[in-house]
Amino acid sequence: MRLSLVLVSVMAIFLAPNFFRTSWDGAAEADVPAETSEPRLVAAMFRSSWCSACRIIEPRVDDVREDYETAAIDWVKFDFTLGRRDSLREMAEAEGLLSIYDEAAGSTGFMLLIDRETGQVFEMVTMDYGRTQIREALDRWLHVVERLEAEGV
């Protein structure tokens, strides 16, 4: 009986903060300027509430994301917490990220910076990245995407 209570307590401690965390869902459309249909740069987070790496990287990404509210970045979150793989796969298909989702599905604790047009993964942001490194990665790839769009690629 005591073991059950301890297990339930530990699960509550680790899972509760993630259920109350604000989600990226719905915010993605507000971040996109009205004149563009979809940003070319996609920041796709692969996360789960049981993932210890997610607990490290998510607060960093959330802090940095506030600085990029007007940037042309489509923020997508694949949350594997409740095992909703079918609905997540449908979301990936709607976002045009199905092949990348299929390659990474089930893995968590990272964010991929992706070129929506080509499907190329520019960079994998992991828990080893600090806030400054995340900003540098976003700035670097935003610049590359702007240059590609200017060249008509």
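Quick caveat, the model's predicted, so the values are computed rather than measured.
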Minimum heavy-atom distance between [X] and [Y], given as atom pair plus value:
{"X": "I114", "Y": "A44", "value": "CD1-CB, 4.0 Å"}
{"X": "R131", "Y": "V64", "value": "O-CG2, 3.6 Å"}
{"X": "I57", "Y": "G109", "value": "CG2-O, 4.3 Å"}
{"X": "L113", "Y": "A43", "value": "CD2-CB, 3.8 Å"}

For this session: Kindly indicate, with the supporting measurements, whether the criterion salt bridge (Lys or Arg N to Asp or Glu O under 4.0 Å) is fulfilled by E58 and K77.
Result: CA-CA 11 Å; E58 278 190 298; K77 187 180 281 192; 3.3 Å; yes

Exercise. Does any pair with a residue in residues 98-113 pass side-chain hydrogen bond (donor to acceptor under 3.5 Å, both in side chains), and if so which ones, sequence neighbours excluded?
Worked result: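 Qualifying pairs: R89-D102.
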
Nearest 0.5 Å please: distance from the [atom1] atom of [X] over to the [atom2] atom of [Y].
{"X": "I134", "Y": "D62", "atom1": "CD1", "atom2": "CG", "value": "9.5 Å"}
{"X": "C51", "Y": "F80", "atom1": "SG", "atom2": "CZ", "value": "11.0 Å"}
{"X": "L82", "Y": "S48", "atom1": "CG", "atom2": "OG", "value": "8.0 Å"}
{"X": "Q133", "Y": "T126", "atom1": "CD", "atom2": "OG1", "value": "8.5 Å"}
{"X": "C54", "Y": "M127", "atom1": "SG", "atom2": "CE", "value": "10.0 Å"}
{"X": "L41", "Y": "L138", "atom1": "CG", "atom2": "CG", "value": "7.0 Å"}

For this session: Flag the pair V42 / I73 as yes when at least one side-chain heavy-atom distance between them is below 4.5 Å, and no otherwise.
Result: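 Not touching, per the 4.5 Å side-chain cut-off.
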
Exercise. Are any non-hydrogen side-chain atoms of F110 and V125 less than 4.5 angstrom apart?
Worked result: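 The answer is no, as the side chains (C-beta and beyond) never meet within the 4.5 Å cut-off.
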
Kindly list each side-chain donor-acceptor pair under 3.5 angstrom involving residues 146-153, sequence neighbours excluded, with atom names and distances?
none

Exercise. Which residue pairs pass the salt bridge (Lys or Arg N to Asp or Glu O under 4.0 Å) test with at least one member in residues 108-128, sequence neighbours excluded?
Worked result: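 Listed once each, the pairs are E38-R116, R40-D115, D74-R116, E95-R116, E123-R140.
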
Problem set entry | Inter- and intrachain pairs under ring pair (Phe, Tyr, Trp, His ring centres under 6.0 Å), touching residues 125-153, at least two apart |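 For residues 125-153, and leaving out neighbouring residues, the ring pair (Phe, Tyr, Trp, His ring centres under 6.0 Å) pairs sorted by first residue read F122-W141.
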
Exercise. Could you walk me through whether F46 and M111 pass the side-chain contact (heavy atoms from CB on, under 4.5 Å) check?
Worked result: CA-CA 6 Å; F46 288 75; M111 179 175 70; over 6 Å; no

For this session: Report yes or no: does R65 contribute a side-chain atom to a donor-acceptor pair with the main-chain N or O of W75 at less than 3.5 Å?
Result: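 Side chain of R65 to backbone of W75, a donor-acceptor pair under 3.5 Å: no, none is there.
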
For this session: Let me see the working for R47 and T81 under side-chain contact (heavy atoms from CB on, under 4.5 Å), right down to the final yes or no.
Result: CA-CA 8 Å; R47 62 122 16 234; T81 300; 3.2 Å; yes

